[in-house]
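I have placed the structure first, in the form of structure tokens, so that the comments after it can refer back to it.
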Amino acid sequence: MTGETIKVLLVEDNPGDVLLLQEFLQDVTAAEVELMPVEQLDEALSYLARESFDVMLLDLSLPDSQGLETFIKAHNQAKSTPIIVLTGIADETLALRAMQEGAQDYLVKGQVTGDLLVRSMRYAIERQRIEDALRQSEERFRVALKNSPIFVFNQDLELRYTWVYNPAFGFTAEEMLGKRDSELIPLESAHHLTAMKLGVLVTGVGTRDEVSITTAQGTRYYDLTVEPLRNEAQQIIGITCACIDISERQAALEERKLADATIREQAALLDISTDAILVRDLENKILFWNKSAEILYGWAAAEAKDKNASELLDTDEPSSDMEAALLEVINKGKWQGELTKLTKTGKEILVASRWSLVCDEQGKPKSILTVDTDITEKKRLEAQLFRAQRLESIGTLASGIAHDLNNILTPILAGAQLLPMKFPNVDERTRHLLEILEVNAKRGADLVKQVLSFARGVEGKRINLQIRHLIVEVSKVLKETFPKSIQVIIDLSKDLWIVSGDGTQIHQVLMNLCVNARDAMPNGGSLSIYAKNLFIDENYARMNLEAKVGPYIVITVTDTGVGIPEENLDRIFEPFFTTKEVGQGTGLGLSTVLGIIKSHGGFINVHSEKGVGTRFEVYLPAVDGVETRKADNATVITAHGEMIMIVEDEPAIQEITKTSLETHNYKTIAATDGIEAIAVYAKHMDQISVVLMDLMLPSLDGLTAIRTLKKINPKVKIIATSGLMSSNKLEALANSGVTTFLPKPYTINELLLTLQRVIS
């Protein structure tokens with residue numbers, strides 16, 4: 001469900017339960033949830049008649065409907081919508097009955113958690129998709145069998161008929177079900193069939209043979225195929241058989257006419273197929289080539305016929321896979337796998353190929369039937385998905401490390417700034433050492449911010465930006481600082497749309513890309529920056545997993561440098577990956593670029609050719625509105641003895657923050673966890689001006705403690721702090737009533753300015 005909008009119809013008349021479910025969905029899932037709450041079943045049925053939903057959460061006790069009938073009405077209205085039943089502890093039996101009637105899952109009120117709710121929704125939606133696909137598959141199978149002369153049936157381990165379609169032997173399906181062959185046909189014919197079927201049950205190996213059956217209508221001949229029937233544990237639970245009547249054998253001429261007609265019909269069906277179908281003889285010469293093969297490979301049937309298939313389709317490099325496939329299809333009769341093929345234009349495509357050996361009437365191999373499905377785009381999307389998953393995993397690890405580093409750097413940075421104030425008369429050497437300590441602590445903090453940007457755990461302040469101004473500003477810097485051998489070109493479309501973002505972060509993106517371009521052109525070249533408006537439609541969005549339908553600004557940074565080797569393209573956005581020499585880069589530049597772009601709701605594409613150059617395309621979603629400007633920074637003023645409650649479990653951070661505030665004329669009181677914070681605040685509520693609350697606390701987390709303080713005093717002023725905070729958690733903080741958020745590590749000046757804004 002990640003990355004897509006989920007439409008949820010919530011049918012619940014209890015406002016408290018509605019609010020609780022809404023909070024769970026906001027806190028737990030990263031997907032965009034469109035929740036439609038209604039209180040009565042009739043209102044829900046009206047919505048279902050007008051539009052579709054991904055999942056329905058249904059309470060069985062409603063003002064206008066009670067019990068199982070509630071589910072049945074909703075299910076009949078929208079059978080394709082998965083339904084999760086909401087019930088009380090005493091009504092689990094009723095929920096189970098609803099499951100038997102078609103509900104995908106049920107949740108007991110009072111026992112629901114955010115994770116459980118999301119897992120249940122994912123399960124319901126996926127199960128509904130599987131059931132829909134299964135029904136479609138069964139319908140296609142039924143239609144195919146209905147027009148087929150094949151008699152298909154299943155038998156259990158006692159060889160009793162359990163399922164029959166297109167019955168034969170002169171009986172109806174009802175007459176055959178539950179019976180053995182010996183109860184239907186003469187014993188002589190039954191014994192032969194039984195022996196054949198028992199052999200399959202014992203060996204687990206399918207077989208095929210021609211059998212004769214004598215009934216009241218006479219002797220008929222059948223081509224019978226018997227295969228073992230297995231359960232999910234691969235245990236044999238019976239047999240499945242296909243049988244076709246071959247009694248009506250006509251004269252050679254009639255057979256030939258029938259065969260010719262059948263071939264023409266089959267050829268027509270093959271041309272309808274969306275897969276490329278071709279037939280080769282054992283010398284690899286093409287005998288048959290359908291319409292889809294023409295579309296996929298570009299060769300007309302007349303051009304392909306009688307040509308060597310390898311010369312026409314295979315790449316220049318000899319493939320051992322082809323030889324192995326040919327050997328297997330001759331020995332086993334079939335083969336399937338993935339192959340790289342060439343089209344008429346020389347384009348390489350990846351196909352899922354299935355080969356079947358075709359034999360003559362004497363059973364001798366005469367040709368190979370091949371069915372090819374183009375999976376090039378599917379594999380590209382899979383690679384894109386795997387890359388996104390890998391980067392997400394690395395980002396999770398990086399953000400965890402960054403959080404711990406921020407907790408370490410916070411007291412170091414604050415201490416480095418506080419010591420010169422405590423000891424103003426130290427010698428010059430000591431002052432210089434303190435300056436070195438502060439500078440390097442800030443460098444460490446900046447490095448952590450880069451890691452957090454990659455991990456999408458930190459977002460800057462967003463305003464409406466005109467990208468044109470940023471690009472012009474960057475181009476001026478480039479022209480002044482880059483070597484004269486590098487020509488800087490900018491081309492910006494008129495009336496560029498507005499984006500919502502952090503100007504500093506987007507400026508960092510542009511500078512990172514341009515510096516990399518400079519490094520790729522040691523002997524000079526051309527650096528171009530383009531920007532244009534682009535509306536992404538559904539077709540483009542389907543081809544790029546990260547794109548959504550809507551307006552975008554596309555910024556393209558192109559160089560004529562050495563290019564990026566193909567083996568490195570999938571790794572360039574990984575943190576700490578670099579091809580530069582030691583000391584020339586941390587490997588965080590492009591990972592930071594990726595994190596910033598993703599935090600802005602955008603995505604990035606890269607195209608590179610060795611020796612020709614590289615092109616980065618940055619896509620940022622456009623918004624309505626006009627450009628805004630940042631407010632000027634305030635000036636620090638002296639405190640007047642206001643009391644600040646510091647809630648922090650790290651002793652070093654608590655102590656340095658306490659000392660810093662007291663140095664600037666604040667009073668302080670401390671707590672080490674959420675439970676203690678609630679107790680201390682309740683006791684000193686009238687004296688405390690602001691609560692400085694760390695969000696990651698033992699015993700009781702900061703967010704829960706904040707909500708409790710808000711209940712004690714709705715007007716309490718709270719500054720939340722954390723070394724790691726994602727966008728969805730920031731939204732949760734805003735909804736909980738937090739006055740402002742201060743990311744770690746923070747300087748003394750940042751802390752004082754934040755307190756000043758909150759108190760004033």
Side-chain angles (χ1 to χ4, degrees), residues 141 144-145 147-152 205-211 221-227 240-246 248-250 252-297 299-314 319 321-339 341 351-374:
F141 181 65
L145 282 182
N147 299 303
S148 169
I150 301 176
F151 164 37
V152 183
V205 179
T207 186
R208 178 180 178 182
D209 198 5
E210 290 184 10
V211 297
Y221 296 89
Y222 297 90
D223 186 347
L224 177 63
T225 300
V226 184
E227 293 288 342
T240 181
C241 308
C243 181
I244 186 168
D245 191 336
I246 57 173
E248 304 300 330
R249 297 193 175 186
Q250 302 176 356
L253 180 60
E254 292 299 322
E255 287 184 354
R256 180 61 180 271
K257 289 181 180 179
L258 180 61
D260 290 344
T262 302
I263 290 173
R264 286 193 295 272
E265 292 173 2
Q266 291 173 344
L269 291 174
L270 292 177
D271 279 338
I272 296 174
S273 170
T274 57
D275 293 328
I277 301 175
L278 56 140
V279 179
R280 299 170 287 154
D281 62 18
L282 299 182
E283 295 179 354
N284 216 23
K285 185 172 66 175
I286 296 174
L287 305 176
F288 175 79
W289 186 268
N290 78 335
K291 291 289 184 183
S292 293
E294 293 183 350
I295 296 171
L296 179 60
Y297 293 116
W299 300 95
E303 295 175 304
K305 193 173 181 181
D306 295 330
K307 296 291 193 304
N308 186 288
S310 297
E311 296 176 359
L312 200 67
L313 303 175
D314 292 348
S319 174
D321 292 340
M322 296 289 291
E323 297 176 0
L326 185 60
L327 184 61
E328 183 171 340
V329 78
I330 291 175
N331 290 334
K332 297 183 179 180
K334 57 184 178 180
W335 174 87
Q336 66 178 21
E338 296 178 359
L339 296 172
K341 298 285 188 180
V351 298
S353 191
R354 286 90 70 198
W355 297 8
S356 298
L357 189 65
V358 181
C359 300
D360 59 18
E361 294 179 355
Q362 288 73 39
K364 294 181 179 180
K366 66 174 184 178
S367 59
I368 298 173
L369 170 66
T370 300
V371 180
D372 289 343
T373 305
D374 186 4

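For this chain, numbers begin at 1 and follow the sequence in order. Quick note: numbers below take in every heavy atom, side chains included, and nothing from hydrogens, waters or symmetry partners.
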Partner set under salt bridge (charged side-chain N to carboxylate O under 4.0 Å, His left out) for Glu227, not counting sequence neighbours: none
Hey, is the main chain of Trp299 close enough, under 3.5 Å, to the side chain of Trp289 for a donor-acceptor pair? yes
Heavy-atom check, side chain of Leu339 versus side chain of Leu313, under 4.5 Å: no
Could you give the distance from NZ (Lys334) to CG (Leu357), rounded to the nearest 0.5 Å? 12.0 Å
Closest non-hydrogen atoms of Leu282 and Pro365, given as atom of the first, atom of the second and distance, are CD1-O, 3.5 Å
Working to the nearest 0.5 angstrom, can you tell me the gap between Phe288 CZ and Thr370 OG1? 12.0 Å
When you check the side-chain N and O atoms of Thr373 and Asp275, is any donor under 3.5 Å from an acceptor? yes
Measuring from Thr225:OG1 to Arg208:CZ, what's the distance to the nearest 0.5 Å? 5.0 Å
Side chain to side chain donor-acceptor pair (under 3.5 Å) with Ser367: which residues, sequence neighbours excluded? none
Run the side chain to side chain contact (heavy atoms under 4.5 Å, CB included) test against Glu328 and tell me which residues pass, sequence neighbours left out. Lys332, Trp335
Within the structure provided, determine whether Val358 and Val279 are in side-chain contact (heavy-atom separation under 4.5 Å). no
State, with a plain yes or no, whether a side-chain heavy atom of Tyr297 is found less than 4.5 Å away from one of Lys341. yes
Out of Ile277, Asn290, Leu278, which residue meets the side-chain contact (heavy atoms from CB on, under 4.5 Å) rule with Val371? Ile277
Asn308: which residues meet the side chain to side chain contact (heavy atoms under 4.5 Å, CB included) condition with it, sequence neighbours left out? Asn284, Ser310, Glu311
Sequence neighbours excluded, the answer for salt bridge (charged side-chain N to carboxylate O under 4.0 Å, His left out) partners of Asp209 is none
On a heavy-atom basis, which atom in Ala293 and which in Ala276 lie closest, and how many Å separate them? CA-CB, 3.5 Å
Out of curiosity, Ile286 CD1 to Arg280 CZ, how far, rounded to the nearest 0.5 Å? 8.0 Å
Under the side chain to side chain contact (heavy atoms under 4.5 Å, CB included) test, which residues partner Asn331, sequence neighbours left out? Leu327
